[in-house]
Amino acid sequence: MKVKFPDVLKNNMYAELAKRNLKRQSVRTILAAIGIIIGVIAISSMGILGNSLKLSITDSFADIGDKLVVSPAPGEDSITDKQIDQMQKIGKIESIIPVASSGELVEYRNGGNTVQSFVAVYNIKRDDLEKLVELEEGRYFKPGSTDCVVGSSVASNLELSPGQKIEIDDSKLRVVGILKERGFGFDINTDSGVFTSSEMYDKLYPDADEGYDQAIVIVKDIDEIDAVSDEIEERLNKKDEMVTVFATNLITESLDDVFRAISLFLMGIGSISLLVAAVSILNVMLMSTMERTKEIGIMKAVGASRKDILKIFMLEALFLGVIASTAGAILTIGGSYLVMLLLVRDSSYLFTFSSMFYIIEGFFFGIATSLVGGMYPAWKASRMKPLDALRYE
Amino acid sequence: MQHPIVQLQDVTRVYTLGKNKIYALNGVSLSIKKGDFVTIMGSSGSGKSTLLNMIGCLDLPTSGKVKVNNVDLSKLDDDGLTAIRRNNIGFIFQQFNLIPTLTALENVEIPMIFNGASTEKRRKKALEVLKKADLPLEFADHKPNEMSGGQQQRVAIARALANDPPILLADEPTGNLDTKTGHNIMELLKELNGAGTTVIVVTHDPKLEDYSHTTISLQDGEVLE
């Protein structure tokens with residue numbers, strides 16, 4: 001069967017017939033529509049739920065995975081300057097940031113109270129720090145000084161502002177800057193870090209090992225990340241396993257997989273309600289064909305072919321599907337907006353392309369459901385023998 | 001010589017009711033000339049409606065041959081029969097059988113839609129045949145339940161005329177109408193016959209014989225000579 005759309009539009013009487021038939025049984029039409037509306041809402045809001053969950057979690061990660069983290073292999077103490085030099089020779093690398101760190105309990109005196117917090121103290125070059133994170137306020141530390149900058153959660157936990165002092169192992173460090181929130185990083189956690197000059201770091205930890213705890217490698221092109229990773233392994237782990245290389249994109253990739261599975265699962269639940277809607281449409285349309293048996297007989301008697309009857313009934317299903325799916329899509333947008341505003345106080349995840357995609361998907365699923373539900377009754381109507389149909393009372 | 005517009009050769013139609021076979025038509029042969037006005041008379045159960053359904057391509061014979069406009073119906077499938085019906089036959093029913101959701105004008109347009117006519121052409125033709133059927137134009141946008149029986153039958157006649165069929169088939173066209181309205185409807189059919197359309201009326205009412213040229217009487221599925 002071929003339904004040419006321009007043809008249908010030209011002979012808009014088919015559409016008119018379908019419209020009036022839907023109106024004639026308005027209560028039943030509305031009930032059938034509600035089925036689809038619920039289905040569309042279920043399927044698209046489940047999709048959006050999964051998507052927002054994913055977005056909110058991936059947003060809390062600092063990077064999209066354009067970095068490699070090189071750390072000492074088990075049994076090795078540190079990354080040496082020599083190893084850094086070897087890595088430097090590899091092309092395709094934007095920069096290498098060597099980092100040394102120590103865990104520390106810091107104290108801060110606020111009036112009479114002493115506030116304590118566990119932080120990581122980092123030895124990192126000022127320029128390198130700038131590559132990783134921006135300043136919220138103040139300035140970066142000067143080389144050789146007793147200045148330090150602190151991460152955003154350190155600042156908020158200890159209620160710090162530039163100009164105040166913190167105490168580490170009886171040494172006093174002046175806070176000169178506070179970093180912007182960066183989120184959880186797979187390289188270093190700047191939010192809970194204290195950064196100071198290497199002179200100050202050496203003074204704080206005179207017994208620390210030579211070398212670095214890790215090196216962050218930023219690649220020029222994210223597509224080259226695997227090649228660079230292989231080359232580092234090749235150069236540094238020639239004889240023995242000296243370093244381990246970890247690509248941060250591995251994490252985001254597997255997270256993507258997990259959330260895709262969650263979204264699919266949630267939408268699967270949503271689609272059950274569409275299945276129910278399909279059955280209810282099947283029921284409604286079957287009743288309607290039964291009721292209109294005589295009318296179908298008349299139309300056949302005055303020259304309607306099977307195709308014509310099929311067209312009229314399928315158009316009815318199409319209209320029902322389009323109207324109900326549109327209502328469902330609008331309600332989903334409105335409803336999710338309200339829910340997000342009330343619960344998360346942030347609706348920005350709703351208006352992303354990926355969330356909108358789920359609404360469009362729900363919309364088309366709704367129409368498809370309606371068409372599938374209408375198919376059998378339409379087929380049945382088109383097959384009625386005109387004589388039997390005319391006699392039907 | 002011109003071939004007859006309707007021709008039946010030894011037509012039998014058998015219905016099976018449980019174990020019993022009922023011969024609705026039993027070896028009926030007849031032919032109807034183009035431009036004739038025929039009344040098929042018979043009491044209830046005589047097979048006259050079955051005969052009408054055969055001519056109207058709504059039913060096929062168990063055996064025998066039916067030819068409409070020289071086309072053998074037995075060789076056609078459902079859509080083929082529909083096409084013959086659409087182009088050759090206008091139906092007029094006892095219960096008018098208008099589509100309740102459509103206005104008078106739209107009801108008349110229906111057969112033309114299935115024939116693929118354009119909107120303007122349809123509208124123009126519908127008004128033309130409504131005028132021919134003597135329906136006052138102010139009723140054109142009325143739904144069937146807003147009209148009297150006589151008016152509804154006029155709409156039905158207009159609908160039957162929409163595709164300019166050579167044959168009009170009327171099944172008890174006056175059965176649901178009072179005597180005066182019935183008379184007017186028959187006069188209208190006579191007028192249409194005068195313009196060249198073959199009219200076949202099925203009835204049990206002997207009064208309708210007066211309007212026609214030829215009468216065929218049926219009894220127990222057989223033609224009475």
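To find a chain, count down the sequence lines: A is the first, B the second, and so on, and within it residues start at 1.
Residues of residues 20-27 of chain B placed with any heavy atom under 4.5 Å of a heavy atom in chain A are absent; none qualify.
Chosen from B:F93, B:F91, B:F114, the residue pairing most often with chain A at heavy-atom distances under 4.5 Å is B:F114. Per-residue counts of heavy-atom pairs under 4.5 Å with chain A were compared for B:N53, B:N115, B:N163; the largest is that of B:N53. The residue among A:A301, A:P386, A:G297 with the most heavy atom pairs within less than 4.5 Å of chain B is A:A301.
For A:F363 and A:F365, the gap between ring centers reaches or exceeds 6.0 Å.
Under the 3.5 Å distance criterion, with hydrogens and angles disregarded, a donor-acceptor pair is assigned to the side chains of A:S288 and A:R292.
Rounding to the nearest 0.5 angstrom, the gap separating the CG atom in B:L76 from the CG atom in B:L81 is 5.0 Å.
Between A:R306 and B:D78, at least one side-chain N (NZ, or NE/NH1/NH2) sits under 4.0 Å from a carboxylate O, which counts as a salt bridge. With respect to B:K124 and B:E120, no salt bridge is recorded, no charged nitrogen being found less than 4.0 Å from a carboxylate O. Using a cutoff of 4.0 Å between basic side-chain nitrogens and carboxylate oxygens, A:R24 and A:E291 are not scored as salt-bridged.
Among B:I89, B:L169, B:I216, the one residue that satisfies the side-chain contact (heavy atoms from CB on, under 4.5 Å) test with B:I200 is B:L169.
Only the backbone of B:L98 comes within contact range of chain A, with at least one heavy atom under 4.5 Å from a heavy atom of that chain. For B:E106, the parts lying under 4.5 angstrom from a heavy atom of chain A are both the backbone and the side chain.
Contact record, B:N97 with A:K294: OD1-CE, 3.2 Å, taken as the closest heavy-atom pair.
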